[in-house]
Amino acid sequence: LYAEDGSQLRTLEVYRRYVGYFQQPVEVNLETRNKIAKILKEQNDRESYLNELRQIVAIDAAAGNARTSRTRYLAAQSALVLAESAFDKFTAVRLVQPFEPNLLKKRNLMKTVVQKFSRLIDYELGEFTAAATFYLAEIYSDFSQALMTSERPKGLSALEREQYELAIEEQAYPFEEKAITVHESNLELISRGVYNEWIEKSLQKLAVFVPVRYAKPETASAIIGSLETYIFEVDGPATPAAEVSEAKSEPADHGAVEEPGAAAESETTEPAPVEEPESVEAGQSSSHAGDTLVPPEAVVQGEKFDGEEAVQ
């Protein structure tokens, strides 16, 4: 009744009292918490909003036999928002001088955000698998760009600057390649009947990374027209023998292809495995006027990222 009257404060109070008193059934409890989260979001109370989402994820994880497809969906939805929040913190870190502490901070955040998106895949829901795969690719892309645009040490000679630039490029390139590979693995979900905004976003990113292959003019089917890798057959009447003989002397006319339908939420859809980029030997390190030139190989050497098998 309070919700119908538009009284958010009273509605929030009643909802919170309910979830406090009634832990069961879990599905109803999480539905109510989801309503609480929506109200908090509308009130711009971001910290309380994120805390409520954490509660939804934790309760679903501990629900055991009481877990349902709906509680799993609500938890995955909440986990995605939480992972996106961590992603924003990761991308906000710039590799400026002093380079080494900022690099360490970004690497640590990278570990955290990779773990969060990796857990999304465990929900085995096509929508969230595609979202996680998109963001995993963007993590590697951002790290590559952060290296390429990082602040250079001052006081380098022309030769030292050239060596530094080459070393940075060698370290950034494997991360860009990995981003492309993970985005492409998202497109493989199309062959399993999954197509959503996250796959479309991956396709748009690939059009920038590999324009020759993916940036093509729009056709009757924008999805299939942009994919060389996938072939879908369309049922139709058999072609008469006479027409077949004529067709041999004429270029094939490919008709529009129907868009694949959405897959069931419970279907397991895992992206293709991707290996961690190997460490590349950097150019000769040098220093000038007291400035330390941090070897870019430090980016990928040392402790391995937790969750580096995320997309396997």
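Keep in mind that the numbers below use all heavy atoms, side chains included, and drop hydrogens, waters and symmetry copies.
- Gly126 and Val194 get closest at one heavy-atom pair: O-CG1, 4.3 Å.
- Across Leu104, Val114, Thr91, Val93, a single residue satisfies side-chain contact (heavy atoms from CB on, under 4.5 Å) together with Leu109, and that is Val93.
- Contacts of Phe87 classified as ring pair (Phe, Tyr, Trp, His ring centres under 6.0 Å), with partners at least two apart in sequence or in another chain: Tyr135.
- In terms of the side chain to side chain donor-acceptor pair (under 3.5 Å) criterion, Gln55 has no residue partners (sequence neighbours excluded).
- Contact annotation: the side chain of Thr181 never approaches that of Lys178 to less than 4.5 Å [non-hydrogen atoms, C-beta and beyond].
- Atom CZ of Arg119 sits about 10.5 Å away from atom CG of Leu82, to the nearest 0.5 Å.
- Between the side chain of Ser141 and the main chain of Glu138, no donor-acceptor pair closer than 3.5 Å is present.
- With salt bridges taken as basic N to acidic carboxylate O contacts below 4.0 Å, one links Arg17 and Glu13.
- Across Ala86 and Val113, no two heavy atoms sit closer than the pair C-CG2, 4.0 Å.
- In this structure, the side chain of Ser85 does not engage the main chain of Val81 through any donor-acceptor pair within 3.5 Å.
- Linking ILVMFWY residues whenever their side-chain heavy atoms come closer than 4.5 Å, directly or via other members, places Tyr15 and Tyr21 in the same cluster.
- Within the structure, ring pair (Phe, Tyr, Trp, His ring centres under 6.0 Å) pairs that include any residue of residues 22-43 comprise Tyr18-Phe22 (at least two apart or interchain).
- To the nearest 0.5 angstrom, Asn29 atom CG is 11.5 Å from Asn34 atom CG.
- The two atoms that bring Leu120 and Ala76 nearest to each other are CD2-O, 3.4 Å, heavy atoms only.
- Without hydrogens or angle criteria, Glu151 side chain to Leu95 main chain gives no donor-acceptor distance under 3.5 Å.
- For the atom pair CD1 of Ile168 and CZ of Arg152, the computed distance is 5.0 Å after rounding to the nearest 0.5 Å.
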Test Thr71 against Leu74 for side chain to side chain contact (heavy atoms under 4.5 Å, CB included), laying out the working first. CA-CA 5 Å; Thr71 66; Leu74 291 173; 5.7 Å; no

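- A distance-only check finds no donor-acceptor pair linking the side chain of Glu124 to the backbone of Ile121 [under 3.5 Å].
- A side-chain donor-acceptor contact under 3.5 Å links Thr129 to the backbone of Leu125.
- Between Ser48 and Leu40 the shortest heavy-atom distance is O-CD1, 3.5 Å.
- Remark: Asp60 engages Arg67 in a salt bridge, criterion side-chain N to carboxylate O under 4.0 Å.
- With contacts defined as side-chain heavy-atom distances shorter than 4.5 Å, the pair Glu184/Arg213 qualifies.
- Under the side chain to side chain donor-acceptor pair (under 3.5 Å) criterion, Arg161 pairs with Glu165, sequence neighbours left out.
- Donor-acceptor pairing under 3.5 Å is recorded for the side chains of Glu27 and Thr68.
- Taking every heavy atom of both residues into account, Ala79 and Val57 meet most closely at N-CG2, 3.8 Å.
- Nearest heavy-atom pair across Ala172 and Ser144 is O-OG, 3.0 Å.
- Sorted by first and then second residue, the salt bridge (charged side-chain N to carboxylate O under 4.0 Å, His left out) pairs involving residues 41-54 (not counting sequence neighbours) are Arg33-Glu52, Glu47-Arg54.
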Candidate pair Glu127 and Tyr73, rule side chain to side chain contact (heavy atoms under 4.5 Å, CB included), full reasoning: CA-CA 10 Å; Glu127 175 184 349; Tyr73 182 89; 3.5 Å; yes

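- The closest donor-acceptor contact from the side chain of Glu31 to the backbone of Val28 lies at 3.5 Å or more, if one exists at all.
- Using a 4.5 Å cut-off on side-chain heavy atoms (C-beta onward), Phe117 and Leu80 make contact.
- Side-chain atoms of Ile199 and Leu189, non-hydrogen and from C-beta on, do get closer than 4.5 Å to each other.
- Atoms CD and OG1, from Glu188 and Thr133 in turn, are 10.0 Å apart once rounded to the nearest 0.5 Å.
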Show, in sequence, the C-alpha distance, side-chain angles and deciding distance for Met110 and Tyr140, and conclude whether the side chain to side chain contact (heavy atoms under 4.5 Å, CB included) test is met. CA-CA 9 Å; Met110 184 177 184; Tyr140 302 125; 3.4 Å; yes

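- For Lys106, the NZ atom counts as densely surrounded, since its 6.0 Å shell holds more than 12 non-hydrogen atoms of other residues, nucleotides or ligands.
- Under the 4.5 Å side-chain criterion, counting only non-hydrogen atoms from C-beta, Leu206 is in contact with Leu187.
- Judged purely by atom type and a 3.5 angstrom limit, Asn186 has no side-chain atom pairing as donor or acceptor with the backbone of Ser202.
- In this structure the side chain of Phe209 reaches within 4.5 angstrom of the side chain of Glu176, judged on heavy atoms.
- Under the 4.5 Å side-chain criterion, counting only non-hydrogen atoms from C-beta, Gln145 is not in contact with Phe175.
- In this structure, the separation between CZ on Arg107 and CZ on Phe143 is 7.0 Å, given to the nearest 0.5 Å.
- Rounded to the nearest 0.5 Å, atoms OG (Ser150) and CD (Gln171) are 11.0 Å apart.
- For Phe134, the ring pair (Phe, Tyr, Trp, His ring centres under 6.0 Å) partners are His183, Trp198, not counting sequence neighbours.
- Separation of the Phe128 and Tyr123 ring centroids does not fall under the 6.0 Å cut-off.
- With salt bridges taken as basic N to acidic carboxylate O contacts below 4.0 Å, none links Lys116 and Glu84.
- There is no path of hydrophobic side-chain contacts, each under 4.5 Å, that joins Tyr164 to Tyr173.
- Two residues are said to be in side-chain contact when any heavy atoms from C-beta on lie closer than 4.5 Å; Leu9 and Gln43 meet this criterion.
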